[in-house]
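Comments concern the structure below.
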Number of protein chains: 2
Amino acid sequence: MARRASAATPVALLPTDGDAVAVVAKFFRALGDPTRLRLLEFLLHEEHTVTECVAHVGLAQGRVSTHLSCLADCGYVQVRRSGRHAFYRVADPRVAQLVLLAHALAANNHTALCACHRIPEPEAADARVA
Amino acid sequence: MARRASAATPVALLPTDGDAVAVVAKFFRALGDPTRLRLLEFLLHEEHTVTECVAHVGLAQGRVSTHLSCLADCGYVQVRRSGRHAFYRVADPRVAQLVLLAHALAANNHTALCACHRIPEPEAADARVA
DNA sequence: TTGACCTATCCGCTTAGCCGGATACTGTGA
DNA sequence: TCACAGTATCCGGCTAAGCGGATAGGTCAA
C-alpha cells in the first residue's frame with residue numbers, strides 16, 4: 001500500500017487507504033439505487049417532506065422514509081423537523097457537483113450500454129419460467 | 001426494458017430525466033462495489049494487466065476480469081490489448097475528479113457511520129452461524 | 001508442434017438489499 | 001380527550017449481484 005502517498009491528493013484525509021475504499025464504495029452504493037438517486041435529485045433544489053417524496057417516486061411510504069434516512073445517514077441530505085413533518089434537503093453543495101459530474105460521464109457512455117450486464121448476465125433470452 | 005430505443009439520441013445531454021436517473025444510478029452502482037472501486041483507483045495512476053489487478057485485489061482471476069470488463073463497459077477504464085496481455089487504465093480525467101469528490105464527501109461523513117445499515121441492518125454483532 | 005501463460009466466460013452458490021404491507025410512535029386539531 | 005395525519009420501523013419474500021472454480025480461446029516461447 002502507501003502508493004497513494006505521492007499522489008498529491010489535496011483531499012487526502014482518508015484514515016486508512018483500504019478502509020476509505022470501503023467507505024467510499026458504500027457512499028457510491030447509496031447513490032446506486034435509482035429510487036434514492038431520484039430522491040436525492042428531487043431534494044437538490046428545495047426541501048420536501050416525506051409525503052411529497054412519496055408522491056414524487058410513487059413507492060410505499062415506509063420504503064421512501066427508509067431511503068431518506070439512508071441518505072441522511074450518509075450525509076447527503078439534512079433533516080429539519082417541524083411538528084409532525086420532516087423536511088429533507090441536500091446539505092452539501094458538493095453533492096450537486098457529484099451528481100452533475102456523474103451525469104456528464106453517464107451521458108458520454110450512455111450508448112456504451114453502461115453497467116454490469118457483464119456481471120450477472122441474466123437476460124439475453126430470458127427463459128423465465130416463473 | 002425496451003427503452004433502449006432512445007439509444008439513437010445524440011447522447012450529450014440527458015435524454016429523458018427519468019431514464020437518465022436510471023443510467024446514472026447504474027454508473028454509481030458500478031463504483032458501489034469495493035472490489036471495483038479498488039480496481040478503479042488502482043488504474044487511476046497507471047495502466048495494469050489483469051494479472052496485476054488480480055494480485056492487487058486478491059480475488060479470483062475470472063472475477064477480476066469480469067469486474068474490469070464491467071468498468072470498461074461503463075466507460076470508466078480503457079483496454080489496450082497487446083499479445084496475450086490486456087492493459088487497463090482510466091480513460092477520462094473526470095473519473096479521478098469523481099472519485100476525489102466522493103472521497104472528500106465520505107471523509108466528512110466518515111464518522112456518521114455512512115451507508116445503509118438502515119436499509120438491511122444485517123450485522124451488529126455478526127452472529128453468522130455458517 | 002507443443003506446452004505454458006493470459007484472459008474471458010460460464011456455472012452454481014450465497015448474500016445483500018429492495019419491495020410492499022402492517023404496525024408503532026408522535027404531534028396537531030377538533 | 002379523541003381521531004387522524006405524518007413519519008419511522010419491522011417482517012417476509014424475492015431478485016440482483018458478488019464469489020470461487022472450471023473451462024475455453026488465443027498468444028508466445030521453446
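All chains are named by letter (A, B, ...) in the order of the sequence lines, taking the proteins before the strands, and each is independently numbered beginning at 1.
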TODO: Answer with yes or no whether the side chains of B/His56 and B/Glu41 bring together a donor and an acceptor at under 3.5 Å.
DONE: no

Minimum side-chain heavy-atom gap A/Val24-B/Val99 below 4.5 Å:
no

note: B/Leu68, atom CG; D/dC19, atom C1'; distance rounded to Å ~ 15 Å

**Request:** Please check the phosphate of C/dG17 (OP1 and OP2 only) for any side-chain N or O of A/His67 closer than 4.0 Å.
**Result:** no

Any sub-3.5 Å donor-acceptor pair from A/Arg36's side-chain atoms to A/His67's backbone N or O?
-> no

From CZ of A/Arg81 across to P of C/dT26 the rounded distance in Å is 12 Å

The correct set of residues in residues 45-56 of chain A placing a heavy atom under 4.0 Å from DNA chain C is none

From CZ of B/Arg29 across to C1' of D/dA17 the rounded distance in Å is 8 Å

Between NZ of B/Lys26 and C1' of D/dA17 the distance, given in whole Å, is 13 Å

For a quick check of understanding: with a heavy-atom distance under 4.0 Å over all strands, which category does A/Tyr88 fall into, base, sugar-phosphate or nothing? sugar-phosphate

Rounded to the nearest 0.5 Å, the SG atom of B/Cys53 sits from the CZ atom of B/Phe87 at a distance of 11.0 Å

Regarding the side chain of B/Ala86, the nearest nucleotide among C/dT7, C/dT9, D/dA8 is C/dT7

Practice prompt. Using modelled atom types only, decide if a donor and an acceptor are shared between the side chain of B/Tyr76 and the backbone of B/Ala30 within a distance under 3.5 Å.
Written response: no

**Request:** Report yes if a side-chain nitrogen or oxygen of B/Thr35 is closer than 4.0 Å to either non-bridging phosphate oxygen (OP1 or OP2) of D/dG18; otherwise report no.
**Result:** no

Worksheet entry | Note: A/Glu46-A/Arg89 ion pair, threshold 4.0 Å (strictly below) | no

Q.
Run A/Tyr88 and A/His48 through ring pair (Phe, Tyr, Trp, His ring centres under 6.0 Å) and show every step you take.
A. CA-CA 5 Å; A/Tyr88 287 85; A/His48 290 285; over 10 Å; no

A/Leu39 CG to D/dA8 P, in whole Å, measures 12 Å

From CG of B/Asp33 across to P of C/dA16 the rounded distance in Å is 13 Å

Quick tally for nucleotides 20-30 of chain D: nucleotides whose base has a protein heavy atom under 4.0 Å get B, sugar-phosphate-only ones S, the rest -, giving B------BB--

From CG of B/Leu71 across to C1' of C/dA8 the rounded distance in Å is 15 Å

From CG of B/Leu31 across to P of D/dA17 the rounded distance in Å is 14 Å

So CZ of A/Arg38 and CG of A/Leu59: to nearest 0.5 Å the spacing works out to 9.0 Å

One should read off an interatomic distance between A/Leu98 CG and B/Leu101 CG, to the nearest 0.5 angstrom, of 5.0 Å

